[in-house]
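Take a look at the structure set out below.
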Amino acid sequence: MQYWLMKTEPDECSIDDFRLAPSRPLQWDGVRNYQARNFMRSMEVGDQVLLYHSSCKNIGVAGLIRVAKSAYPDPKQFDDKSPYFDPKSTKDKPRWDAVDLVFEQKFEQVISLDKLKGCEALVENPLVKKGNRLSVIPFSEDEFQAVLALTK
DNA sequence: GCCAACGTTGGC
DNA sequence: GCCAACGTTGGC
């Protein structure tokens, strides 16, 4: 079992999109950063994922989702109508991967970035470091549990 | 809307 | 391989 945090702009995909389709996994595509992609490739079914809302009114961790399907080639890289189209990607050698994620839990309140920054267990985590742009971040179990504890 | 920080691209 | 230019991320 591994733990992760994934960022999303809630206008694009929010915890409510997952909550409103409780048993239907959603495809997480469009990741176009190699480090984030490599983390996605190491995800396993059942891994727990903290869902972080960025660039919005209420920034922070909004809920919990779970890996329902491990990495497979992101279909959008082949779709020349998609903003995520990558002309350099081929079916033989796809560059980018997607995973499927499914709803687990929506927190009663978003765990604010201020709270996360104040959390001792997270001081070394890239999430709270200035200038961090990584959209898929591995969490240790301790870090994960520390975030869950902030919901109480 | 601003802008610092970062990753990627491409010329050399 | 270097590095300037550029585009994007993301908090404020």
Side-chain angles (χ1 to χ4, degrees), chain A residues 2-20 25-43 47-67 70-101 103-140 142-152:
Chain A
Q2 305 171 100
Y3 303 96
W4 308 95
L5 177 142
M6 296 175 91
K7 295 182 190 170
T8 178
E9 298 190 15
D11 288 349
E12 292 288 320
C13 176
S14 77
I15 191 66
D16 284 324
D17 294 313
F18 285 97
R19 184 175 54 85
L20 295 173
L26 302 182
Q27 176 174 285
W28 193 280
D29 52 34
V31 171
R32 294 295 179 267
N33 169 285
Y34 288 104
Q35 201 181 354
R37 180 205 66 184
N38 293 341
F39 284 136
M40 284 170 72
R41 286 185 173 170
S42 68
M43 287 181 176
D47 284 1
Q48 301 291 110
V49 180
L50 296 163
L51 190 68
Y52 178 89
H53 287 176
S54 69
S55 300
C56 60
K57 185 101 178 286
N58 204 359
I59 295 169
V61 178
L64 188 60
I65 53 182
R66 163 169 47 90
V67 176
S70 58
Y72 57 95
D74 179 351
K76 298 217 169 136
Q77 68 196 306
F78 306 122
D79 175 6
D80 62 7
K81 303 288 188 299
S82 167
Y84 299 119
F85 177 62
D86 184 346
K88 292 185 185 149
S89 197
T90 65
K91 299 245 176 187
D92 282 349
K93 275 195 106 184
R95 281 189 169 191
W96 307 112
D97 280 16
V99 294
D100 289 354
L101 302 169
F103 182 70
E104 191 104 335
Q105 179 187 353
K106 178 180 178 176
F107 298 150
E108 284 182 34
Q109 305 174 45
V110 172
I111 303 169
S112 70
L113 183 54
D114 272 353
K115 258 192 168 180
L116 295 164
K117 282 178 174 167
C119 178
E120 188 58 32
L122 295 181
V123 288
E124 291 300 319
N125 192 285
L127 179 66
V128 297
K129 296 264 167 107
K130 186 176 179 185
N132 164 64
R133 301 172 55 178
L134 192 57
S135 64
V136 180
I137 301 174
F139 267 53
S140 70
D142 284 352
E143 289 170 323
F144 178 79
Q145 296 298 342
V147 173
L148 286 193
L150 294 174
T151 63
K152 308 242 164 60

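Any value given below was found using the heavy atoms of this structure, including those in side chains, with hydrogens, waters and symmetry copies removed. Note on naming: letters A, B, ... go to the chains in the order of the sequence lines (proteins, then strands), and numbering restarts at 1 for each one. What you are looking at is a predicted structure, and each value in this text was computed from that prediction instead of being measured.
Across the protein-nucleic acid pair, A:N33 atom CG and B:dT9 atom P stand 11 Å apart, rounded to whole Å. Regarding A:D86, its CG atom lies at a distance of 17 Å from the P atom of C:dG7, rounded to whole Å. Separating the OH atom of A:Y34 from the P atom of B:dT8 is a distance of 7 Å, rounded to the nearest angstrom. Atoms CD (A:Q35) and C1' (C:dT8) sit 16 Å apart, rounded to a whole Å. Here B:dG7 presents its P atom at 13 Å from CG of A:N38, a figure rounded to the nearest Å.
Between A:D114 and A:K117 there is no salt bridge, since no side-chain N of the basic residue sits under 4.0 Å from a carboxylate O of the acidic one. Look at A:D47 and A:R66 and you find no salt bridge, because none of the NZ, NE, NH1 or NH2 atoms lies under 4.0 Å from a carboxylate O.
Both A:K130 and A:R95 sit near DNA chain B, but only A:K130 has its closest nucleotide nearer the 5' end.
Atom NZ of A:K76 has 12 or fewer neighbouring heavy atoms from other residues, nucleotides or ligands inside a 6.0 Å radius.
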Verdict with supporting geometry, A:Y3 and A:F139, ring-ring contact (aromatic ring centres under 6.0 Å, His included):
CA-CA 5 Å; A:Y3 303 96; A:F139 267 53; 8.9 Å; no

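The salt bridge (charged side-chain N to carboxylate O under 4.0 Å, His left out) with A:D97 is formed by just one residue from the set A:R32, A:R37, A:R41; it is A:R41.
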Atom pairs, N/O to N/O, protein against nucleotides 2-5 of chain C, distance under 3.5 Å?
none

Pairs under 3.5 Å (N/O, protein and nucleotides 10-12 of chain C):
from	atom 1	to	atom 2	distance (Å)
C:dG10	OP1	A:K7	NZ	2.8
C:dG10	OP1	A:R133	O	3.3
C:dG11	OP1	A:Y52	OH	2.5
C:dG11	OP2	A:S55	N	3.1
C:dC12	OP1	A:K117	NZ	3.0

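Under the 6.0 Å cut-off for aromatic ring centres, A:W96 and A:Y34 qualify, their centroids lying closer than that.
Ring geometry for A:F18 versus A:W28: interplanar angle under 30°, hence parallel rather than tilted (30 to 60°).
A:D29 and A:Q27 form a side-chain donor-acceptor contact under 3.5 Å, judged by distance and modelled atom types alone.
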